[in-house]
**Student:** 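Input: one structure, supplied below.
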Amino acid sequence: MMFASFSTPPFILKHHVFTLQRRTFATKISALSLTSKKRHGHKITMVTAYDYPSAMHVARAGIDIVLVGDSVAMVELGHPTTQPMTLEAMLHHCQAVRRGVQQANNNNHNNAEPLLVGDMPFASYEYEDTDIALRNAYRFIQEAGMDAVKLEGGSVARARTARKLVEGGVAVMGHVGLTPQSISVLGGFRAQGRTAIRARAVLDDALRLQDAGCFAVVLECVPSNVAAAITESLEIPTIGIGAGNHTSGQVLVFHDMLGMTSHPHHEQFVPKFCKRYAQLGHIIQEGLQEFKRDVESGAFPNEEYSPYQMKENERRDFEALLAQDQEERETHHLAAAEKYIQTDEYEKLHLYGGDDATETDTKE
């Protein structure tokens, strides 16, 4: 069977020359290219993003991997842990990220398209029946447009699940060390591998995942020397988060690294390992407060931001239409105003049981 060359020649139609724009694996980050990066000593970049606009920014920056993390539960949805995230919710966010990456790629062909990895959420893959995990993983690929999925943990059972997915044709990224989905078992968000026995256990977990066919492993919140030993022991890349500088690459959450929740007068919790590359929260607050001032003072919108105008003849016709029922509208307006004034007075008198309700009010 003959295959076309990757360099597509132009074709001519009615004296116009067209060149086909063909997407190839050369312009898309793949699991194999990540392994090659590790082998050649090139660091890998990964950013966790949850929505269309953040995915566009990450893709435009030329980041290697976009992880759609279940940490969206905490970062964007306000939950105390990642456990409330459902499969349907994760697919929703993955689809948004996929569209953002596609849009960025449509406007910029200079960067390779990042590898997209979807976090399989709590209770979507832990079953003894690994067919359940495979069915759910297929949804990330078919419905959400992900290139791979990520699983937490490196136990024998988890490695068996990872192997099932890989044999089913799904690329899998592993995750060891601190595994947030297991917070109930771990007793909180605690660093892992800080004793010799626990460090060796984390290494064994990573080796099991490699043997199961995972193309990369996230190392979260482990000592730097432990991460270095794991990275040296594995052929596949390691992606560190709070694991020092000796991993094959690094990952941070979009909101954390850009200071999205920062505020001039107080700071929201940000992990100790997260370097802030911007303080967007400060800028966001300034913008919102300026908007509030402009609206309250009447400065916004001015004529510059009121672009939609009627033609003069249409304006005259509209004013004539208004004049036809002006009396009726004024009567209706006065009746409505009286109604709302009365409602306001009830609130002021606390007739609905406020703390300073009068004795007469209480009896009524």
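What you see is a predicted model; the values in this text were computed from it and never measured.
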**Student:** Kindly indicate whether the side chain of Gln285, heavy atoms from C-beta on, has any atom under 4.5 Å from the side chain of His282.
**Tutor:**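 Heavy-atom side-chain distance check fails, nothing below 4.5 Å.
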**Student:** Just by modelled atom types, is the Asp211 backbone N or O under 3.5 Å from a matching donor or acceptor in the Arg163 side chain?
**Tutor:**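 Present.
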**Student:** Within a strict 4.5 Å, meaning less than it, do heavy atoms of the Tyr125 and Gln181 side chains meet?
**Tutor:**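 They are in contact (side-chain heavy atoms under 4.5 Å apart), so the answer is yes.
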**Student:** Salt bridge check, Asp64 against Lys37: does any charged N sit closer than 4.0 Å to a carboxylate O?
**Tutor:**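 A salt bridge is present here (some side-chain N lies under 4.0 Å from a carboxylate O).
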**Student:** In plain terms, say whether Arg158 and Asp205 are close enough for a salt bridge, that is, a side-chain N and a carboxylate O under 4.0 Å apart.
**Tutor:**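 Asp205 and Arg158: not salt-bridged.
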**Student:** If you apply the rule side-chain contact (heavy atoms from CB on, under 4.5 Å), what do you find for Val68 with Phe140, and how did you get there?
**Tutor:** CA-CA 11 Å; Val68 189; Phe140 278 88; over 6 Å; no
**Student:** Side chain of Thr179, backbone of Val176: donor and acceptor closer than 3.5 Å?
**Tutor:**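 Looks like no, no N/O pair under 3.5 Å.
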**Student:** Would you please test Glu88 and Arg139 for salt bridge (charged side-chain N to carboxylate O under 4.0 Å, His left out) and show each step?
**Tutor:** CA-CA 10 Å; Glu88 298 300 329; Arg139 296 191 65 187; 2.7 Å; yes
**Student:** Compare all side-chain heavy atoms of Ile183 with those of Gln83 and state whether any distance is below 4.5 angstrom.
**Tutor:**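 In short, these two side chains touch, coming nearer than 4.5 Å.
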**Student:** For the pair Arg208 (side chain) and Gly154 (backbone), establish whether a donor and an acceptor sit closer than 3.5 Å, ignoring hydrogens and angles.
**Tutor:**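 At least one qualifying donor-acceptor pair exists.
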**Student:** When you measure from the side chain of Lys164 to the backbone N and O of Ala133, does any donor-acceptor pair fall under 3.5 Å?
**Tutor:**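 No, because the side chain of Lys164 does not come within donor-acceptor range (under 3.5 Å) of the backbone of Ala133.
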**Student:** When you measure from the side chain of Asp325 to the backbone of Glu328, do you find a donor-acceptor pair of N or O atoms at a distance under 3.5 Å?
**Tutor:**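 The answer is no, because no donor-acceptor pair under 3.5 Å joins these two groups.
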**Student:** Determine whether a donor-acceptor pair (N or O, by modelled atom type, separation under 3.5 Å) exists between the side chain of Tyr138 and the backbone of Gly168.
**Tutor:**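 At least one qualifying donor-acceptor pair exists.
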**Student:** Would you call Lys38 and Glu232 a salt bridge, taking side-chain N to carboxylate O under 4.0 Å as the test?
**Tutor:**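 Answer for the salt bridge query: no.
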**Student:** If you measure from the Lys or Arg side-chain nitrogens to the Asp or Glu carboxylate oxygens, is any gap between Asp131 and Arg135 under 4.0 Å?
**Tutor:**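 Answer for the salt bridge query: no.
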**Student:** Before accepting this row, confirm whether a basic side-chain N of the pair Glu143/Arg98 lies closer than 4.0 Å to the acidic partner's carboxylate O.
**Tutor:**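 Answer for the salt bridge query: no.
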**Student:** Quick one: does any side-chain atom of Thr35 pair with a main-chain N or O of Ala31 as donor and acceptor, under 3.5 Å?
**Tutor:**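 At least one qualifying donor-acceptor pair exists.
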**Student:** Would you confirm whether Asp294, through its side chain, and Phe300, through its main-chain N or O, come within 3.5 Å as a donor-acceptor pair?
**Tutor:**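 A pair under 3.5 Å: no.
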**Student:** How about NE2 on His79, more than 12 heavy atoms from neighbouring residues, nucleotides or ligands closer than 6.0 Å, or not?
**Tutor:**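 Yes, the 6.0 Å shell around NE2 holds more than 12 heavy atoms from other groups.
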**Student:** For the aromatic rings, using the six-membered ring if either is Trp, is the centroid distance between Tyr50 and Phe254 under 6.0 Å?
**Tutor:**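 No, the ring of Tyr50 stays outside the 6.0 Å limit from the ring of Phe254, centre to centre.
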**Student:** Would you find a donor on one side and an acceptor on the other, under 3.5 Å apart, between the side chain of Asn105 and the backbone of Val101?
**Tutor:**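 Pair absent, no side-chain N/O of Asn105 close to backbone of Val101.
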**Student:** Show, in sequence, the C-alpha distance, side-chain angles and deciding distance for Thr238 and Thr231, and conclude whether the side chain to side chain donor-acceptor pair (under 3.5 Å) test is met.
**Tutor:** CA-CA 6 Å; Thr238 57; Thr231 301; 2.7 Å; yes
**Student:** Can you confirm whether more than 12 heavy atoms, excluding those of Ile197, are under 6.0 Å from its CD1 atom?
**Tutor:**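 No, because the 6.0 Å sphere around CD1 of Ile197 holds 12 heavy atoms or fewer from other groups.
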**Student:** Using modelled atom types only, decide if a donor and an acceptor are shared between the side chain of Ser33 and the backbone of Ile29 within a distance under 3.5 Å.
**Tutor:**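 No, Ser33 side chain to Ile29 backbone: no donor-acceptor pair under 3.5 Å.
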**Student:** Does Lys292 have more than 12 heavy atoms from other residues, nucleotides or ligands lying within 6.0 Å of its NZ?
**Tutor:**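 No, not enclosed.
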**Student:** Are Glu319 and Arg315 close enough for a salt bridge, meaning some N to O gap below 4.0 Å?
**Tutor:**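 A salt bridge is absent here (no side-chain N lies under 4.0 Å from a carboxylate O).
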